[in-house]
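Here the structure is laid out as C-alpha cells; the discussion comes afterwards.
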Amino acid sequence: MARDLTCIICPRGCHLHIDDNLNVTGNFCPRGAAYAKQEVLDPRRTLTTTVRCKSQLLEVCPVKTNAAMPKDKLFEAMKAVNEVTLTPPVHIGDIVIKDLCGTGVDLVATRDIEK
Amino acid sequence: METRDLVIIGGGSAGMAAAVAAYDKGIRDILILERTEFLGGILNQCIHNGFGLTHFKEELTGPEFLTRFVKQVQERGIEYKLHTNVVAVTKDKKVSYVNAKDGAITLQAKAIVMAAGCYERNAGAIGIPGERPAGVITAGQAQLYLNEYGYLVGKKVFILGSGDIGLIMARRMTLEGAKVLGVAELMPYSNGLNRNIQQCLIDFNIPLYLSHTVSKIIGKGKLEAIEISQVDEKFRPIPGTEKRFDVDTLLLSIGLIPNNDLLDKAGVAKSSTRGASVDEHMQSINAPGIFSCGNVLHVHDLVDYVVAEGAVAGEAAASYLQGTLKESEGPCLETVAGEGIGYVVPSRINLANAGENVELKFRVRKPSKNVYVTYSLNGQVLKKTLKPAIIPSEMEIARLPRNLLGEEGGTLTVSLLAKEEN
C-alpha cells in the first residue's frame with residue numbers, strides 16, 4: 001500500500017511518501033501528513049462545475065461541493081449535476097443539490113444571478 | 001472635454017482593487033471602464049477553487065472571489081461602464097472609449113490605472129506545421145465557452161502546453177464527458193503547479209509528455225488528428241519519435257502576454273514583461289500619473305497578489321491626485337534580472353518615494369533546488385535567501401528594507417546562486 005503522492009493542499013506541491021504503516025515523509029507541514037493519510041484511506045476532492053440556468057445573462061451557473069467528496073463518485077455526481085436547471089434569482093451558497101449522490105456533501109451555487 | 005480624476009481601464013480583480021483602494025484614500029471621482037458585460041475579468045470563467053487563501057484567508061472559487069470585490073465597488077458607489085472598449089490612451093492622459101450608449105467619447109483623466117489583464121499566446125505565435133483547420137483553440141477561450149456559455153468545444157482533446165489553464169481544462173473537459181488524450185510540454189518540466197498535475201492529470205490518468213511538441217496538425221476544414229514528437233535540447237522535433245492522436249480539438253496553453261498595447265502605442269516605456277516599466281508605486285517611469293497593475297503589468301500566478309498590487313496602484317494614484325506622491329528627480333535604483341531570473345518588477349525604485357520596505361516581484365527561468373536568491377546593490381550582495389525549491393510557474397515576492405538600499409542609486413540586481421556543497 002506504500003505510495004508516492006503529490007500534496008495538493010497548497011501550491012508548494014510537496015512530494016510525499018506514505019508507507020504501509022501510514023508513516024508520511026517529504027511533507028513540509030502537518031497538513032501534508034494529514035492529506036497523505038486521507039488520500040490513501042479515503043481520497044476526496046472538491047467538485048467545481050456548472051449547472052444549466054435560465055438566466056438572461058449566462059447559460060450556466062457555477063457550483064461547488066461545500067466540502068470534499070469521495071473521488072470515485074465524481075463522475076456519478078456530474079451525471080446528477082447535469083440533470084439540474086436553475087431559475088434565477090440564484091445566490092452564492094444556495095443549495096442546488098442536497099446530499100449529492102449520498103455523499104453527505106451539498107452542491108451549492110458560487111455566483112449571484114439575479115435575472 | 002469631460003475631465004475625470006481617476007479612470008481605471010479594466011474592471012477585473014486588479015482594476016476593482018485599485019478603485020476600492022483609491023476610494024478609501026479619499027478619491028471620489030472614479031470611473032472604471034470594462035469591455036465585457038461583467039465586472040470580474042478572467043475570474044468569471046475560473047469556476048475552480050483555490051482563490052483567496054491569502055487575501056480572504058479562505059478558499060474560494062473565482063466567481064465567489066470576484067463577487068466580494070464587486071460588492072466593495074458597489075457599496076462605495078464607484079461608477080463603472082460595462083460593454084465599454086477603450087480604444088486609445090495618450091501620455092497626457094486622454095482616454096478614448098466606445099460603447100453603444102455613449103458612442104465614441106474622449107475623456108481627460110487626471111490619473112489612469114491600467115488594469116487590462118493579459119491575453120493568450122495563440123497558434124500563430126508558435127507556427128505549428130500542418131493544416132489550419134477549425135478545432136485549434138486556446139485553453140482560456142475553451143474555458144470561457146464552457147464555463148459561461150455551457151458549450152463544450154470538443155469530445156476528443158489533446159492539449160499543448162502544461163500551463164495551469166491547460167491542466168484545469170483537462171480536468172474540466174474530462175468531467176464534462178470529453179476524452180483528453182494527453183498533454184504535451186516542450187520543456188523537460190511542467191509549467192503548471194505540482195498540485196494541478198496531480199489533481200487534473202494523474203487523477204484522471206491523462207498522460208503528460210514532457211520534452212514533446214505538436215509537430216503536425218492534420219485536417220481539412222475540421223481538425224482530424226495531431227502528431228506529437230519528442231524534442232532535442234534545442235527544442236527541435238526528433239525524427240522517428242512521432243505519435244499520432246485522432247482528436248477533434250487541440251487546446252493551446254502556451255503562455256500569457258500582458259494586454260498592454262494601449263500604453264505601448266501611447267509611448268509609455270515598457271519592460272521585458274511587455275507591461276509598462278514602473279516604479280515602486282506602479283507608476284510609469286516616463287508617464288507620470290499613469291499606473292499599472294495586475295496581469296497587464298506582468299502575469300501573476302495568484303489573484304491574491306493581483307489585488308494586492310491593484311491596491312498599491314490605486315493608493316498611489318490617490319496620492320498622485322492629492323499631490324503627496326513626490327515628482328522626484330532624485331536618485332533611483334534600476335532593477336536588473338541577473339543570472340537565472342526572468343524579470344523583476346518594478347523596473348525602478350525611486351528612493352525619495354520608497355516606503356519602509358521595497359517589494360520586488362520576479363520569476364526564475366527554470367526549476368532549481370537549493371539555491372540562494374541574492375539581492376545586490378551596485379554589485380555588493382545586500383541579502384541572500386536560501387530556497388529549497390524554486391520554479392518558474394510561481395511568482396516570487398521579496399521585501400527589502402528601504403534602509404538597506406542607501407541613497408546613491410545605481411542598480412539592484414536579483415540573481416540565483418548555487419549553494420555550495422559542504
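Just so it is clear: chains get the letters A, B, ... in the order the sequence lines come, proteins before strands, and each one is counted from 1.
Going from atom NZ of Lys71(B) over to atom CE of Met16(B) covers 12.0 Å, rounded to the nearest 0.5 Å. Rounding to the nearest 0.5 Å gives a distance of 6.5 Å between OG1 of Thr36(B) and CG of Asn44(B).
Interface with chain A: from residues 172-184 of chain B, residues Arg172(B), Thr174(B), Leu175(B), Glu176(B) qualify, criterion being any non-hydrogen pair under 4.5 Å. At a heavy-atom cut-off of under 4.5 Å, chain B is reached by Thr110(A), Arg111(A), Asp112(A) from residues 97-115 of chain A, listed in order of number.
For Leu58(A), the parts sitting under 4.5 Å from any heavy atom of chain B are the backbone and the side chain alike. With a threshold of 4.5 angstrom between heavy atoms, Phe204(B) approaches chain A through side-chain atoms but not through N, CA, C or O. For a residue to count as touching a neighbouring chain, one of its non-hydrogen atoms must lie under 4.5 Å from one of that chain's; by this rule Leu47(A) touches chain B with the side chain only. Only the side chain of Thr46(A) comes within less than 4.5 Å of a heavy atom in chain B; its backbone stays farther off. In this structure, no portion of Tyr151(B) lies under 4.5 Å from any heavy atom of chain A. Looking at Ile197(B), neither its backbone nor its side chain comes within 4.5 Å of chain A, counting heavy atoms on both sides. With a 4.5 Å cut-off on non-hydrogen atoms, Lys79(A) does not touch chain B at all.
Asn27(A) contributes no side-chain N or O that, together with a main-chain N or O of Leu16(A), makes up a donor-acceptor pair within less than 3.5 Å.
Using a cutoff of 4.0 Å between basic side-chain nitrogens and carboxylate oxygens, Arg68(B) and Glu58(B) are scored as salt-bridged. The pair Arg45(A)-Glu39(A) meets the salt-bridge criterion, with a side-chain N (NZ, NE, NH1 or NH2) lying under 4.0 Å from an Asp/Glu carboxylate O.
Side-chain contact between Gln198(B) and Cys7(A) is absent, with no heavy-atom pair separated by less than 4.5 Å. Side-chain contact between Phe69(B) and Leu43(B) is absent, with no heavy atoms from C-beta onward closer than 4.5 Å. Side-chain contact between Lys81(B) and Asn99(B) is present, with at least one heavy-atom pair separated by less than 4.5 Å. Side-chain contact between Leu210(B) and Tyr189(B) is absent, with no heavy-atom pair separated by less than 4.5 Å. For the pair Leu41(A) and Leu22(A), the minimum side-chain heavy-atom distance is below 4.5 Å. Side-chain contact between Ile18(A) and Lys37(A) is present, with at least one heavy-atom pair separated by less than 4.5 Å.
A donor-acceptor contact closer than 3.5 angstrom links the side chains of His298(B) and Glu309(B). Side chain to side chain, Thr138(B) and Gln141(B) fail the donor-acceptor criterion of an N or O pair below 3.5 Å.
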